[in-house]
Chemist: 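My structure is below; once you've seen it, I'll send some questions.
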Amino acid sequence: MTGAAIQLDDVDFAYPGGEPLHFSTTFEAGSFTGLIGPSGSGKTTLINLIAGFEEPVSGHISFDGVNAAGTEPANRPVTMVFQDNNLFAHLDVFTNIALGVSASLNLPDDDRTLIATAMEETGLSGLGRRLPRELSGGQRQRVAIARALVRDRPVLLLDEPFAALGPALRRDMLRLVSNIHKQRAMTVILVSHDPADVKFAATHAAFLDEGGVVANRPVDALFSASDIPGLQGYLGT
Amino acid sequence: MQPSRTSRPKSAILAGLVALGCIGLAVATPMLALVAVAPAMPELSADYLDFVWSITKFTLLQAGLSTLLSVLTAIPLARALARQASFPGRQLILRLLALPLALPALVVVLGIVEVWGRQGWVSTVMQGTGLAGPLNIYGLTGILIAHVFFNMALAARLLVASLEQIPPENWRLAAQLSFTSGHVFRHIEWPVIRSVLPGIASLVFMLCIASFAVVLVLGGGPKATTLEVAIYQSLRFDFDPPRAVLLAALQLALCAGLFVLGGRMATDIVVMSGVGKQVRRPDQAASRRTDTLVITAGLTFIALPMLAIVLSGLAAPFGVIVSQSVFWRATATSLVLALTAASLSLVMAWSLLAAQRTILRRRQPSRAASAFMSSMQASGSLILVVPPVVIGAGWFVVLHRTGLAGSAAPVIVAVVNALMALPFALRILRPAVVGQAQVHDRLCASLGLSGLQRWRLIDLPVLARSFALAFAFAAALSIGDLGAAALFGSADFVTLPLLLLQKMGSYRSVEAAGIALLLACFCLSLIWMAEQLKTEAQSQ
Amino acid sequence: MLRLLTVVFAVLMAVALPASAKDKLTIYTYDSFTSDWGPGPKIKASFEATCKCELEWVAVADAVATLNRIKLEGASSKADILLGIDTSLTAEAEATGLFEQHGISTENVNLPVQWTNKTFVPYDYGHFAVIYDSEKVKTPPASLDDLVNGDPEQKIVIQDPRTSSPGLGLLLWIKAIYGDKAGEAWTKLSRRVLTVTPGWSEAYGMFTKGEAPMVLSYTTSPAYHMVSESTDRYRAAGFPEGHYMQIEVAGILKSSQNKKLAREFLAFMTGPGFQDHIPTNNWMWPAGKTSDALPDAFGKLVKPAKSLLLSADEVNANRKAWIDEWLKATTR
């Protein structure tokens, strides 16, 4: 499996009573892009549009050149991990992951192996029977990532999933995501409020400000650039 | 500085003790009286004991069936309402669901007879189409219809509130994982419903066990009598205190047993829980048609009796009603009672909460303080275990022995009504008194604000709305109460619900309809004012 | 704000408390007696014209309930007279010790039976009967046994014997006919009972509104429909076993502050000023002379084959046990 290219062409969107947003940018297949920008700049909205939780007012979003308009979230080549509430509180780790394979929980042996592999990959071996409340914050997000893995979609969207974790743990998680990205060659988009995270894990970085994508470049190019309006102000450099 | 800071906590604790003492006295005195009369129980014939056994079974049967039906109908209605967040008029429907609890039971009964009675709308339609004969509303059928009317609405609102607590990410997950509505129910809705259902069911069961007006009017004779009504009848029909004692003890044992068994009841009785969130759900479109059907059916069931109250009320001869001096006396009595009961309720609630706050401030409360604390917390829900009619019956026996029945009746009714409103008042005031004050405590201490000055400048402005809200609810509850007032009613002591019962009993149904509408208006305007205050308070 | 509330409160209190009376005679009675169509308002007018006093009716659902009310209120009752209980309750009422001897002449009293009671004065009498709507009931019950065993789908509204004198009357009627088998008879009859009301007027109201095709009332009830509505649609079913008889009475409370006035009223009650209003307002047989002859309708009424009446003492001794029997039988 390889990641899909994502293209946004003049996508317009606004929440009722909110500022109008306008997005035009491309995420290359197999890239790992960190989205940075001041709060309210539309980072989460951007990935919600890609995931299909919001529909653009005008313009279109395409995956590998195929227009996604009207496609249900479940049918897009996308899987998403949220900041919190990724897990169903009453279901154990195994079942929470298994829902990524089959909503009816009909699991042939192949699927069970798939789930076990994903748990191993995310460092959850032996925790299958635990309930979410018996896990640490980091473990809970690992479960969410494991589910994303078994869903096996070309695009992984991460909406600040590690914001609540401590610095060392955050590094661990970013390393995990980075490994997955390399091994599976997925297209990854990570919303983050910490540019250091993006520098640490991502291949690309996009800066959002004033309701649009101001720049989307390889990490080093973006952070060393001086031609991007608002970026210096945001970074405080 | 120092003296004033220490004197205030002491007086707060004292006030709490006094309130607790008063509540204890109000409840314990009649209990003791009931026990004292118990040995003098000479003539309980075998026939009568058989009758008591039958009605005990019936009490449990009707409560069980009412709970089952209410909950079973509430689940699909709540699911539909929670799912269709953008259903036209959804806010209005959710508000409508809050009305049955706010309406006096007797008024509702009148509306239900109008719709479901032998001469009612449903029977007329059914006979017109030749489908079936007229419905027989008296007995279990009528009791169940009325109880489902009250409790389906209550349960549905509580369920909607819980379903709306589901984090939005869960819905996005569901969308991403291509959940069908069956999956949504299994993985998302049912776990939430299952966790709140026992609380809701035991609350509904308790309310049905203690239901008075519904059974009194719709029971249709001894065949469908509950303990609560039998207590009233043993005093008012037979004037037989020993029998009332037996029945009250049974009822008390039943309620206390259920309270222990049922554990945590959903005392968070609707009025406060904010419902009406706009949640975007992936399963909205697919189930729109069935949901519309379910909502329409639920809405019709709830709205028809209310419509009947309004329509038959508007046709009432108001000229005749207002020309009767007894109407004005009843109105004035009801208002005086409501104001007294509501004030009393607030004073009790405030005293209890202020004392609790003082204790909470201490880092390490003594064992005595902890015990005091928990008894204060328990006192609030006492009325759920000890039904008002039982307390009323006890006081009735006490007062009758001392020959004070006539003059003390209004006081007792006001006290019982105040106790009935106490759980609501505590729930409304607790966050404002305990929570808010904790926030301000350090600041006030550092600025040296204390005593009256602090109360005036800091506490009162914050508390005013909560107080007004609690007052309105307590007053509405008291205005609509029949149980306590019915025991003490006399030519000199008539409340609006009692007058309504009299008019119904003498088959002055047109006048009854008018009084019912007025009574409904009193209660609803109080609730409406309270709701206005609530939204203002929230927007602050 | 607080001041305003206080003022409102005070005004409400003033309205809520009943106005104090000057020379007022307070009479507790059953509800239908005081209704607009009942005899109460006319009797009030005609008595007030002679006594220069005020007469206040206080209505309770039905006759047994009026006695319960008196018992509840005891010596503090504000009633001067209790009007409306019948002979099944006179012994029990006397046993409370709350009533005193009437001490008036009962020479005007005219009843089918001899009147000797010294506490209560009778004012009318009648016989209980099942009234049916002839448009809905084609074959009315031909006997009490027929009523007990009839089609459960054909409903009757009855009254609660614990509050209502017709209700108690039916209890005694069935006791008089069935004796020890009364419980079984009640169990059978209760299948036909649509509802048990606390008072007569509610039951009769439901019947005329069409809620049930039969109601427990009096042989004289059809006279009302014949005179006031010119219809013989509502008829009494004659039972060969006999009909239970009711004599309605009034008595003076010991606690009354107006005993002279109360005695005046009882004496007035036996005369035409009161009796004239009984046949066509209370729809019962008068217990004294009326100014005019009774309307023709009264001649067309069912004549009981036999008058049943248990002695007041027997009723007093057994009422509680019989009501328990009824409670048990009807909840079975």
Chemist: Any sub-3.5 Å donor-acceptor pair from A:K43's side-chain atoms to A:G37's backbone N or O?
Modeler: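 Answer holds: yes.
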
Chemist: Using only the distance criterion (under 3.5 Å, no hydrogens considered), which donor-acceptor pairs connect chain A with chain B?
Modeler:
| residue | atom | partner | partner atom | Å |
| --- | --- | --- | --- | --- |
| A:N48 | OD1 | B:R172 | NH1 | 3.4 |
| A:F53 | O | B:R280 | NH2 | 3.1 |
| A:A74 | N | B:A175 | O | 3.2 |
| A:M80 | N | B:Q176 | OE1 | 3.0 |
| A:N85 | ND2 | B:E169 | OE1 | 3.4 |
| A:H90 | NE2 | B:H187 | O | 3.0 |
| A:A103 | O | B:H187 | NE2 | 2.7 |
| A:S104 | N | B:H183 | NE2 | 3.3 |
| A:S104 | O | B:R186 | NH1 | 3.3 |
| A:S104 | OG | B:H183 | NE2 | 2.8 |
| A:R151 | NH2 | B:Q176 | O | 2.6 |

Chemist: If we only count heavy atoms from C-beta on, is the A:L35 to A:L190 side-chain gap below 4.5 Å?
Modeler: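 No - every pair of side-chain heavy atoms lies 4.5 Å or more apart.
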
Chemist: I want to check something: taking the side chain as every heavy atom from C-beta on, are A:I145 and A:V177 in contact at a cut-off of under 4.5 Å?
Modeler: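 They are in side-chain contact.
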
Chemist: Need one label for A:L91: side chain, backbone, both or neither, based on atoms under 4.5 Å from any heavy atom in chain B.
Modeler: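 Side chain of A:L91 only, per the 4.5 Å heavy-atom cut-off to chain B.
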
Chemist: Quick check: closest heavy atoms across B:F179 and A:A103, and the distance to 0.1 Å?
Modeler: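 Shortest heavy-atom separation between B:F179 and A:A103 comes out as CD1-CB, 3.4 Å.
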
Chemist: Taking 4.0 angstrom as the limit, do A:R184 and A:E121 come out as a salt bridge?
Modeler: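 Answer for the salt bridge query: yes.
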
Chemist: Using the ring of each side chain (for Trp, its six-membered ring), is A:F82 parallel, tilted or perpendicular to A:F53, with breaks at 30° and 60°?
Modeler: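 Geometry flag for A:F53 against A:F82: tilted rings.
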
